[in-house]
2 protein chains.
Amino acid sequence: MAFDRTNGLRDNTLPAGIDRTDAAILGLLQNNARLSIKEIAAEIGLAPSSTHERIRRLRDADILRGVHVEVDPKVLGIGLEALLMIELSKHRRSTVDSFLDEVIQVPEVRFAFLVTGRHDLVVHVVVRDTQHLKDLALDNFTNRPGVARIETSIIFDARRRYELPLLRQLG
Amino acid sequence: MAFDRTNGLRDNTLPAGIDRTDAAILGLLQNNARLSIKEIAAEIGLAPSSTHERIRRLRDADILRGVHVEVDPKVLGIGLEALLMIELSKHRRSTVDSFLDEVIQVPEVRFAFLVTGRHDLVVHVVVRDTQHLKDLALDNFTNRPGVARIETSIIFDARRRYELPLLRQLG
DNA sequence: ATTGAAATAATCTCGGA
DNA sequence: TCCGAGATTATTTCAAT
C-alpha cells in the first residue's frame with residue numbers, strides 16, 4: 001500500500017453525507033439518547049435493523065459523538081453558577097490555546113469559550129456559594145499569570161436547548 | 001386515601017441522600033452515558049443488580065435527568081458560534097422569565113443565561129456564517145421589544161467538561 | 001440501503017440474605 | 001442495601017433483496 005486514498009475513513013461515508021432520515025435520528029437522540037432503536041424506528045418509519053445500521057454509520061463517521069447524563073447540581077452541593085469574563089494580558093494572547101486547556105482542568109469549570117469582543121474568555125463555573133466563588137476566582141483566575149482582568153456575572157436563571165438546528169440543504 | 005404523606009416520592013429516597021457509591025456512578029455516567037450496568041458495576045465494585053437498583057433510584061429521585069447525544073455541528077451546516085450579550089430596557093426587567101422562555105424557542109439558541117453584571121442575558125447561538133449571524137441578531141434580538149443593546153462575541157475555540165464537581169460532604 | 005430472523009447481550013424483576 | 005438467578009427487552013449480526 002503506497003498511499004492511503006481513503007483519507008483515513010473506514011468506509012464510503014462522506015463526512016457531509018447525511019439525508020433527512022439521518023437528520024431525524026440525530027434530532028431524536030439529541031433530545032433523548034435513551035430512546036430504543038425500536039422507538040426511533042417507529043418514529044421515522046423504518047425497520048429497527050435499518051435504523052440500527054444508520055445509527056452505527058453515524059457513530060463510525062463521528063457524526064454522533066459522546067452521550068452524557070444530566071445530574072441535578074443541588075445534590076452535589078452546587079448552589080451557585082457564574083460566568084467569568086476574562087481579559088488576558090497582551091503577552092499571553094499568543095498562548096490562548098494552552099490557557100484554555102489549563103482552565104478546563106479546573107473541576108468547577110463547565111465550559112470555556114475563547115471569544116472576540118470586550119473579553120477574551122467566557123468561563124462557566126459551578127460553585128457552592130459566594131465564598132467559594134470568591135476563592136475560585138482569586139486562586140484560579142485573578143492570580144493566574146496572563147490574566148489582566150475578570151468580570152463576574154452570577155447566573156440567576158438558565159434555559160437550554162439540546163437539538164441543534166439543521167442549517168444545510170440535504171440530498 | 002385522605003392525604004399523601006409520601007410527598008409524591010415512591011420510596012424512602014431523600015433528595016439529598018446520595019453516598020460515595022452514588023457519586024461514583026454519577027461521575028461515570030456524566031462522562032459516558034453508554035456504559036453498561038455491568039461495566040459500571042465492575043468499576044465501582046458492586047454487583048450489577050445492586051448497581052442497577054442504585055441507578056433506578058437516582059432516576060426516580062430525579063437526580064439523574066436527561067441523556068443527550070452530541071452531534072458534529074459541521075454536518076448540520078453550522079460554521080459559526082457566538083455569544084450574544086444582551087441588555088434589556090428597564091420596562092422589560094420585570095418580565096425576564098418570559099423573555100428567557102421566548103429566546104430559548106429560537107432554534108439557533110443553545111442556552112440562555114439570565115445574569116448579573118454589565119449585561120442581563122448571555123445567549124449562545126449557532127449559525128451558518130456571519131451573514132446568518134447578522135440576520136439572526138437583527139430579526140430575533142435587536143428588533144425584539146425589550147432589547148436595549150446587544151454585544152456580539154464570536155467563539156473562536158471552546159472546551160467542555162461533562163462531570164460536575166462534588167462540593168458536598170457525603171454520609 | 002433495507003429487511004426479518006437468529007444470536008448475543010443488555011436491562012429489569014424479585015425472593016432471599 | 002446487596003446479591004444472584006430468571007424473565008424480559010434491546011442490540012447486534014447476517015443472508016437476502
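The chains referred to below are lettered A, B, ... by the order of the sequence lines, with proteins before strands, and numbering in each begins at 1. What's counted below: heavy atoms across the whole structure, side chains too, no hydrogens, waters or symmetry copies. This structure is a prediction, so every number in the text was calculated from the model and none was measured.
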**Prompt:** Any salt bridge (charged side-chain N to carboxylate O under 4.0 Å, His left out) pairs touching residues 37-52 of chain B, not counting sequence neighbours?
**Reply:**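 Salt bridge (charged side-chain N to carboxylate O under 4.0 Å, His left out) check on residues 37-52 of chain B returns no pairs.
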Rounded off to whole Å, could you give me the [atom1]-to-[atom2] distance for the [X] and [N] pair?
X      : N       : atom1 : atom2 : value
L46(B) : dT1(D)  : CG    : P     : 12 Å
E53(A) : dT17(D) : CD    : C1'   : 15 Å
K38(B) : dA10(D) : NZ    : P     : 18 Å
I37(A) : dT9(D)  : CD1   : C1'   : 12 Å

**Item:** Those residues that, when tested against H124(B), pass ring-ring contact (aromatic ring centres under 6.0 Å, His included) (two or more places apart)
**Value:**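 H124(B) satisfies ring-ring contact (aromatic ring centres under 6.0 Å, His included) with F113(A), F111(B) only.
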Using the 3.5 Å cut-off, write out each protein N or O paired with an N or O of nucleotides 4-6 of chain D and the distance between them.
{"unit_1": "dG4(D)", "atom_1": "N7", "unit_2": "S49(B)", "atom_2": "OG", "d": "2.8"}
{"unit_1": "dG4(D)", "atom_1": "O6", "unit_2": "S49(B)", "atom_2": "OG", "d": "3.4"}

**Fill in**
To the nearest 10 degrees, the angle between the two end axes of the helix from dA1(C)-dT17(D) to dA17(C)-dT1(D) (five pairs per end) comes to 30°
**Request:** Please check the phosphate of dC2(D) (OP1 and OP2 only) for any side-chain N or O of R54(B) closer than 4.0 Å.
**Result:** yes
**dT11(D) phosphate, OP1 or OP2, under 4.0 Å from H52(A) side-chain N/O** =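 Negative; the distance criterion is not met.
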Looking at [X] and [Y], would you say the former's side chain and the latter's main chain have a donor-acceptor pair under 3.5 Å?
X       : Y       : value
R159(A) : D101(B) : no
R144(A) : N140(A) : yes
N143(A) : L138(A) : yes

**Request:** Identify the 5'-most and 3'-most nucleotides of DNA chain C with at least one atom closer than 4.0 Å to a non-hydrogen atom of chain B.
**Result:**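 Reading along DNA chain C, I get dA10(C) to dT13(C).
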**Complete:** Between T116(A) and T152(B), the two heavy atoms sitting closest are OG1-O, 4.4 Å
**Request:** Specify the closest pair of heavy atoms between D129(A) and L80(A), including all atoms of both residues, with the distance to one decimal.
**Result:**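 Shortest heavy-atom contact: C-CD2, 3.6 Å.
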**Cation-pi geometry met for R110(A) and Y162(B) (6.0 Å, 45°)** =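 No, R110(A) does not sit over the ring of Y162(B).
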**Item:** Nucleic acid contacts of residues 22-36 of chain B, taken as heavy-atom distances under 4.0 Å to DNA chain D
**Value:** none
**Message:** Please determine whether residues V126(A) and I155(A) belong to a single hydrophobic cluster, defined as Ile, Leu, Val, Met, Phe, Trp and Tyr linked transitively by side-chain heavy-atom distances below 4.5 Å.
**Reply:** no
